[in-house]
Number of protein chains: 2
Amino acid sequence: MESLKPSTETLILDAAQAVFLEKGLAGARMQEIADRAGINKALLHYYFRSKEKLSGIIISRAIGVIMPRMMGVLETDQDLFEKIRNVVNTFISFMSHNSYLPLFMVNEVNRNPQFFFTAAIQQEKPHLDKFCRQVDEAVAQGRIRPISSTQLLMNMMSMLVYPFLGKPIFRVALGLTEEAFQEEMERRRTDVADFIIKSIEA
Amino acid sequence: MESLKPSTETLILDAAQAVFLEKGLAGARMQEIADRAGINKALLHYYFRSKEKLSGIIISRAIGVIMPRMMGVLETDQDLFEKIRNVVNTFISFMSHNSYLPLFMVNEVNRNPQFFFTAAIQQEKPHLDKFCRQVDEAVAQGRIRPISSTQLLMNMMSMLVYPFLGKPIFRVALGLTEEAFQEEMERRRTDVADFIIKSIEA
DNA sequence: AATTGGTTTAACCGTGTGGTTAATTTTTCG
DNA sequence: CGAAAAATTAACCACACGGTTAAACCAATT
């Protein structure tokens, strides 16, 4: 039941992640990271020399957490429809527990595209090819209607990610309470997959 | 052919908009806004007392530009399918000329949800009701398959907005050149509407 | 020409920020 | 133990930032 006190390093990294994701890169303060980690600001620089170095590590970590998970699901040998259901479900589960991540990622990737590029390469180039080929084959075999695999992928990712980014807009525009919004998100676990499959089935 | 030199005020507002959208609220510097407007920093505060006031105006302006346009299309009396095609087309056109806007809006709305709330209310509450009712009726009449209008709206908005936010990710993940990406976005003008309609038609 | 009122500027101010230094405490280990 | 190494802190620094001040400029009016 008792938990070993975590190392200062992980204490810092966890605090840094929290602050960076909440406030954004430019809005995050080293002092706040130190405070939340319960340490001195100088110690922060002792472990991670600069804000830039620290944020770089956090970004890499974030990419490293989500990319393998997504790619893992996309590269299985499942049937296409089954795979789509699986991707949707996996993604919504993950995002529900990391709801700050999309905004942070999307920001960083737009302010500094090359960073994502190198970070992505570094941990094996994402293999979307397999998924795309699977779609193309299904089209060729007439199992689904003709559709560009690129467009399908864009559509799927959009419907998975955007609701987490636009949540405040949706809540205002649709007049949803926090609970009501959560319920809608739960429905999406099945509804988004249905929506996609209905659209592409022959 | 000759253009009257614009007033200092609009000079400032245009510069402010450019800087805020490029760098984000926290990343924007009053000095840079002044420089780009070709004026002194003190003059900036002479016209708009503080950074907060200035950013507030820019945000309101941004919301005021996009909301009426979207609502205008959503509130017409067109046939549902025709309206969907219209919304998709209008939105992609607009975003293509304001590609920095989504990231800025999504950021601001997440850091300060209540601001969007008041700003949206102020210029007439968005009337999504009409669109939602139209969907519900179409379902009731069996013209389209049973689907929640909320979910449909989320899906549509997601597929419209997210590609502009995730552009760098998509470009890397799919290995697209700038031109190739633009071509894909052009295809979306018709493809997204097709994708939606195929999914919901009875 | 002098007055007035709006506009613009150079110089400045207080503060918060990322980062450093030197000293102190804690740990490691012969 | 006691010395070397690592971890931690208080105090500090330079500078960039948002914001202010007081003086100068400029056009219009009398």
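Numbers restart at 1 for each chain; the letters A, B, ... are given by sequence-line order, proteins then strands. Please read all numbers here as calculations on a predicted model, not as lab measurements.
- Residues A/L101 and A/V65 have side chains not in contact (no heavy-atom distance under 4.5 Å, counting atoms from C-beta outward).
- Near-neighbour residues of DNA chain D inside residues 48-56 of chain B, defined by a heavy atom below 4.0 Å, number-ordered: B/S50, B/K51.
- By the side-chain contact (heavy atoms from CB on, under 4.5 Å) test, B/A37 is found to be paired with B/I12, B/A15, B/I39, residues two or more places apart in sequence or in another chain being considered.
- Looking at residues two or more places apart in sequence or on another chain, you find a salt bridge (charged side-chain N to carboxylate O under 4.0 Å, His left out) between B/K130 and B/D77.
- With sequence neighbours excluded, the residues satisfying side-chain contact (heavy atoms from CB on, under 4.5 Å) with A/V73 are A/N86, A/V87, A/T90.
- Residue A/Q31 contributes atom CD, which lies 10 Å from atom C1' of C/dT17 at whole-angstrom precision.
- With salt bridges taken as basic N to acidic carboxylate O contacts below 4.0 Å, none links B/R188 and B/E184.
- Residues forming a salt bridge (charged side-chain N to carboxylate O under 4.0 Å, His left out) with A/R85 (at least two apart in sequence, or on another chain): A/D194.
- The span of DNA chain D lying next to chain B, judged by atoms under 4.0 Å from heavy atoms, is bounded 5' to 3' by D/dC17 to D/dT21.
- With sequence neighbours left out, the ring-ring contact (aromatic ring centres under 6.0 Å, His included) criterion links A/F195 to no other residue.
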Q. In the 5'-to-3' direction, what one-character label does each nucleotide of nucleotides 4-9 of chain C receive under the scheme B = base within less than 4.0 Å of a protein heavy atom, S = sugar-phosphate only, - = no such atom?
A. --SBBB
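- Residue pairs meeting the side chain to side chain donor-acceptor pair (under 3.5 Å) criterion with at least one partner in residues 47-58 of chain A, sequence neighbours excluded, are absent.
- Screening residues 157-169 of chain B for side chain to side chain donor-acceptor pair (under 3.5 Å) gives B/K167-B/E178 as the qualifying pairs, with residues at least two apart or on separate chains.
- Between A/R187 and A/D191 there is a salt bridge, since at least one side-chain N of the basic residue sits less than 4.0 Å from a carboxylate O of the acidic one.
- Residue-level contact check: B/A26 touches neither bases nor backbone, having no heavy atom under 4.0 Å from any strand.
- A salt bridge links B/E22 with B/R36: the closest approach of a Lys/Arg side-chain nitrogen to an acidic carboxylate oxygen falls below 4.0 angstrom.
- Proximity of A/R145 to B/K198: side-chain heavy atoms (C-beta onward) are separated by under 4.5 Å at one or more points.
- Summary for the helix from C/dA1-D/dT30 to C/dG30-D/dC1: the axes at its two ends, each from 5 pairs, differ by 10° when rounded to the nearest 10 degrees.
- Residues meeting the side-chain contact (heavy atoms from CB on, under 4.5 Å) test with B/D136, sequence neighbours left out: B/S149.
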